[in-house]
Structure formats: structure tokens, C-alpha cells
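Below is one structure, written out as C-alpha cells; the observations come after it.
What you see is a predicted model; the values in this text were computed from it and never measured. Worth knowing before you read on, the calculation uses all heavy atoms, side chains too, and leaves out hydrogens, waters and symmetry mates. Chain A is the first sequence line, chain B the second, and so forth, proteins listed ahead of strands; every chain is numbered from 1.
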There are 2 protein chains.
Amino acid sequence: MSDLLERLRGRGWRVTAQRRVVAEVLDGDHIHLTADEVLERATARLPEISRATVYNTLGELVTLGEVVEVTTDGRAKRYDPNAHRPHQHLVCSGCGIIRDVHPAGDPLADLPDAERFGFDVSAAEVTYRGLCPDCARG
Amino acid sequence: MSDLLERLRGRGWRVTAQRRVVAEVLDGDHIHLTADEVLERATARLPEISRATVYNTLGELVTLGEVVEVTTDGRAKRYDPNAHRPHQHLVCSGCGIIRDVHPAGDPLADLPDAERFGFDVSAAEVTYRGLCPDCARG
DNA sequence: TATTGACTTGGACTTGGTCCATCGTAGGAT
DNA sequence: ATCCTACGATGGACCAAGTCCAAGTCAATA
């Protein structure tokens, strides 16, 4: 995400302290924070930032394709900054930790024509579930 | 779902008018109702039924493995009575309609060991996305 | 360095869901 | 057939996640 702000500036984004902080908080690998977690970490760096701004900024990053929304549990959405390399998710059924994974082959190819109901199918999201090493031991 | 109530009675379930109505409402193919939609349809048949009871009953049916929860949009959970035949979901990005689909092969097999991070992986959920015939025309 | 339209704020509001004290009733016992 | 009682239903308060909006602020351009 390092050159993200420059990319966004080039697209006409006004760079504010709030947006910078949200982008910084999302930087890293295997990052899948909820909006509230982003707010919490952003507040540590910029105490005046508001909840609405965090939601606004996350929504904009999603619209611009810089971040993808992930829903693994029907509760809060999570925000994944690894938007430029296609991948799927592996979720621990015990503690909920999420890893980015790269399955072999194209999951789309597994859906026969007869199973497409006339849809123009364009994407496949896969969520693998299981126990992480820590939870399997417990 | 026709013999569902008998199966549940066998498991010690007390069969009430409310539970019967919820089970009836869920009967059918490609049914993926939200809790509120279940409540709405149940109310049409049994006006006194309460929201809490619908949630309780849906939760019990999920625990018993008779219904599966589906989250395709990060909003309301949906309840799928087709729990005994493994399948995946195809969701229209336009109108949100959901079809049950059966991909070829086992999606689990596509995840290489090197991508498992030591997890004991036990399941894979796939959500295919695209436009349904109606939305593609529009 | 002045201007201004885009951005931020906080609080009210909405939606989806859970909890709980109280009341009602299915189904076994008599 | 009726009685009992533990299990189930009720509705209203509560909670969590997210959206909306009117008013105030400020980044970037001139």
C-alpha cells in the first residue's frame, strides 16, 4: 500500500490526515480488520478521527478497487488491502484468524454450463474453513 | 423437508404450531430466505408468531443440521433448507437472487499443502457471482 | 493567502439480531 | 379425558454494525 496515496492523489483524491492514517493502518500482509478495528488503530494515531470518516474512507477504497471487503462470519465486514493479487481466504473455525491463500487452478472453471442457469458468471469467492495449529492443539 | 418434523420429533423436539409453520415456510428448492422474510411468511399463516421464535427456531434447525446459514452480502443471513445435499451458491450481482449449484470436483482438493499454513482444513464454501439472465438484459 | 468545494464530524437513525422475565402449552402420566 | 410441568413462545428492551445528514473545517488551486 506504500504508493497508494500517490495513486489516489493522481485520481483526484484530496489527501487528508484521516485518509493517510486509514491507509497506514491497512498496510501489511494477511491484514483483515473490521471497521471498528481500523477505527481503534486509527484513533491511536489521530485521536480526533471519527467513525463516519473511517466508514467513508473504507468505502471509497473499496470502490476504487484498492481494498476488498470480506465477510467470513455474517458479523462485521473485514477489509483486505491485498486487492491487486487475486486470492481466497482460509478461516479458523476456532479463533477466526484469516490467511490469504492461493488455490491451484481457476475455481470458475469448475462450474459446468448446465449449472449456470443462464447467468453470466464472472467471479468465484472461496472460503476454506478448518482449525489453525493453535486451535487444533487446544 | 416433508419428513423433517417427524425426524425432529424423534430427536425429542416438541412440535408446536410455530415450529411447524417455520418448517413449512422453508420447504422448497432454491429457497434462501432471510429471518425477516421467514417471519413475514410465517405471520401470514400464524399471525401471533413472534420474531424471537423465528430466530430461535432457525437457530435450532441450523444446530441440528437441517438448515444451513448463508451469508452472500454481509447483510442479513439467509436460511437454506437444502442441507442434506452438498452444494454451492450462485448469486446475481444485480438483484441478489441465489441458485444452488453443484461444481465439478472437490474445491478442497485445489488448496495445496503449502497454502494451508498448518491448518486442518475441513470445508470449502464457494460463492459464484455474475448477472442473471434478467439483469444481464436490463 | 484567500477561496471554495470536497472532506470531516458527531449524533441521530436504521437494520439485523440477541436476551430475558413471564406466560402458555405439548405431550407424558394418571 | 384431565392434569402437570418442563419446554417453548412472547414482546419489549437491548446491542452491534452500519448509514445519513447538517454544520463546520481544510487541502489544493489560483
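- With hydrogens and angles ignored, a donor-acceptor pair closer than 3.5 Å exists between the side chain of A:Arg14 and the base of C:dA6.
- Between A:Arg19 and C:dT8, a side-chain N or O to OP1/OP2 separation shorter than 4.0 Å is present.
- Listed pair A:Gln18 / C:dT9 meets the phosphate criterion, a side-chain N or O lying under 4.0 Å from OP1 or OP2.
- Using a 4.0 Å cut-off between charged side-chain N and carboxylate O, B:Arg11 and B:Glu66 make a salt bridge.
- Atom CG in A:Leu39 sits roughly 15 Å away from atom C1' in D:dT19 (whole-Å rounding).
- Proximity of B:Thr16 to the phosphate of D:dA9: a side-chain N or O atom is located under 4.0 Å from OP1 or OP2.
- Atom P of nucleotide D:dT10 and atom CZ of B:Arg51 are separated by 13 Å, given to the nearest angstrom.
- In this structure, A:Trp13 places its CH2 atom 16 Å from C1' of D:dC26, rounding to the nearest Å.
- Taking for each of B:Arg75 and B:Ala17 the nucleotide of DNA chain C with the nearest heavy atom, the 5'-most of the two is the partner of B:Arg75.
- Between B:Arg9 and C:dA26, a side-chain N or O to OP1/OP2 separation shorter than 4.0 Å is absent.
- Proximity of a side-chain donor or acceptor of A:Arg99 to a complementary backbone N or O of A:His30 within less than 3.5 Å is not detected.
- Distance CD (B:Glu69) to C1' (C:dT18): 13 Å, rounded to an integer number of Å.
- Remark on DNA chain D: of its neighbouring residues B:Ala52 and A:Asp36, the 5'-side contact belongs to B:Ala52, judged by nearest-heavy-atom nucleotide.
- To the nearest angstrom, P of D:dG8 lies 19 Å from CD of B:Glu48.
- Listed for the B:Glu37 side chain is a donor-acceptor partner under 3.5 Å among the backbone atoms of B:Thr34.
- One interatomic measurement links the two molecules: CD1 of B:Ile49 to P of C:dG24, which rounds to 17 Å at whole-angstrom precision.
- Where A:Val15 and A:Asn56 each meet DNA chain D at their nearest nucleotide, the meeting point lying more 5' is that of A:Asn56.
- Going from atom NZ of B:Lys77 over to atom C1' of C:dT15 covers 14 Å, rounded to whole Å.
- Of the residues near DNA chain C, B:Ala35 and A:Thr57, the one whose nearest nucleotide (by heavy atom distance) lies more toward the 5' end is A:Thr57.
- Between B:Leu39 and B:Tyr55 the shortest side-chain heavy-atom distance does not fall below 4.5 Å.
- Atom NE2 of A:His89 and atom OG1 of A:Thr127 lie 8.0 Å apart (nearest 0.5 Å).
- Applying the 4.0 Å criterion to OP1 and OP2 of C:dT9, one finds that A:Thr53 has a side-chain N or O inside that range.
- Protein atom OH of A:Tyr55 is 15 Å distant from nucleotide atom P of C:dT9, rounded to whole Å.
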